[in-house]
Student: 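Below you'll find the structure I mean.
Computed from a predicted model, the values in this text were never measured in an experiment.
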Amino acid sequence: MFSFPDPVNEVSARLVAAGVVLVSLATIVLDLPGLTALIAYGFVARVLTGPTLSPLGQLVTRVITPRLALDPRYVPGPPKRFAQGIGAVLSVAAAVLALGLGLHTAAYCVLGAVVVAATLESVFGYCVGCKLFALLMRAGVIPEEICERCNDLSSPARTSLRGASSP
């Protein structure tokens, strides 16, 4: 149960990101601070189990993606998990700010960063967290063994790590 898919279907990842954008924008525009907890739960669930315990992940992987006439596009899982981890940190911070401290404006500013990153992923296929993962690998902070496929320059996944993937 506590594992992350490797590889990850980029189509599903982008659809989950679109869902994050929609829920996050609804939270901000409609001033619904309680939804920050739902967003945070989704990110934490996806970091720990991939789509297994994430309602949005389940909806996308079991209902939406199978109904689309798109071929799967597989990319390495570790950079996507890293990106989900960044989303978890930001969304948990937003939930604490909103629900724990009553600082809704601050929470919505943090959630705004999530909206920007998730929009880049869902619309343009540019994974900010994956880009940071690649930089940390090049700097030696993340060991090569974590994602050996990420170092294969001929791999389509490498293109995704550089942020140039497309649907």
Student: Tell me yes or no: between the side chains of Ser122 and Arg14, is some donor less than 3.5 Å from an acceptor?
Tutor: no
Student: Looking only at heavy atoms, what is the nearest atom pair of Leu120 and Val128, with distance?
Tutor: CD1-CG2, 3.8 Å
Student: I'd like to know if Arg138 pairs up with Glu144 as an ion pair, taking the criterion as any Lys NZ or Arg NE/NH1/NH2 lying under 4.0 Å from an Asp or Glu carboxylate oxygen.
Tutor: no
Student: Return the minimal non-hydrogen interatomic distance between Tyr41 and Pro55, and the atom names on each side.
Tutor: CE2-CD, 3.7 Å
Student: So, do His104 and Asp31 sit near enough that their side-chain heavy atoms are less than 4.5 Å apart?
Tutor: yes
Student: Under a 4.5 Å cut-off applied to non-hydrogen side-chain atoms, are Leu97 and Tyr108 in contact?
Tutor: no
Student: Quick one: pull up CG in Leu48 and CD in Gln84 and give me the separation to the nearest 0.5 Å.
Tutor: 11.0 Å
Student: With a 4.5 Å cut-off on side-chain heavy atoms, are Pro79 and Cys127 touching?
Tutor: no
Student: Listed by chain and number, what are the side-chain contact (heavy atoms from CB on, under 4.5 Å) partners of Ala88, not counting sequence neighbours?
Tutor: Phe43, Val44, Val47
Student: Spell out, as yes or no, whether a donor-acceptor pair under 3.5 Å connects the side chain of Thr36 to the backbone of Pro33.
Tutor: yes
Student: Could you tell me which non-hydrogen atom of Ile28 sits nearest to which non-hydrogen atom of Val115, and how far apart they are?
Tutor: CD1-CG2, 4.4 Å
Student: Any link between Ile39 and Leu103 through a network of hydrophobic side chains (Ile, Leu, Val, Met, Phe, Trp, Tyr) touching at under 4.5 Å?
Tutor: yes
Student: Heavy atoms only: give me the nearest Val8-Pro5 pair and the separation to one decimal.
Tutor: CG2-O, 3.3 Å
Student: Quick one, Ile86 and Leu132 - any side-chain contact, counting heavy atoms below 4.5 Å?
Tutor: yes
Student: Might you point out which heavy atoms bring Gly125 and Glu10 nearest each other, and give the distance in Å?
Tutor: O-OE2, 4.1 Å
Student: Hey, are Arg149 and Asp6 close enough for a salt bridge, meaning a charged N less than 4.0 Å from a carboxylate O?
Tutor: yes
Student: With the side chain counted from C-beta on, respond yes when Phe82 and Cys130 share a heavy-atom pair under 4.5 Å apart, and no when they do not.
Tutor: no
Student: Are side-chain heavy atoms of Pro51 and Arg46 found at a separation under 4.5 Å?
Tutor: no
Student: Could you work out, with side-chain contact (heavy atoms from CB on, under 4.5 Å) as the rule, every residue matching Leu22, not counting sequence neighbours?
Tutor: none
Student: Tell me, do Pro76 and Cys147 make a side-chain contact under 4.5 Å, heavy atoms counted?
Tutor: yes
Student: Does a sphere of radius 6.0 Å around CD in Gln58 hold more than 12 heavy atoms from other residues, nucleotides or ligands, not counting ones at 6.0 Å or beyond?
Tutor: yes
Student: Counting only N and O atoms by type, is there a donor-acceptor contact under 3.5 Å from the side chain of Thr52 to the main-chain atoms of Thr49?
Tutor: yes
Student: In terms of hydrophobic clusters joined by side-chain contacts under 4.5 Å, are Leu30 and Leu99 together?
Tutor: no
Student: Taking side-chain hydrogen bond (donor to acceptor under 3.5 Å, both in side chains) as the definition, give me every residue that meets it alongside Ser12, ordered by chain and number, with sequence neighbours left out.
Tutor: Thr65
Student: If we only count heavy atoms from C-beta on, is the Pro7 to Val75 side-chain gap below 4.5 Å?
Tutor: no
Student: In the single-linkage hydrophobic clustering (I, L, V, M, F, W, Y; side-chain heavy atoms under 4.5 Å), do Val89 and Leu101 co-cluster?
Tutor: no
Student: Are Phe133 and Leu135 in one and the same hydrophobic cluster, where Ile, Leu, Val, Met, Phe, Trp and Tyr link if side-chain heavy atoms are under 4.5 Å apart?
Tutor: no
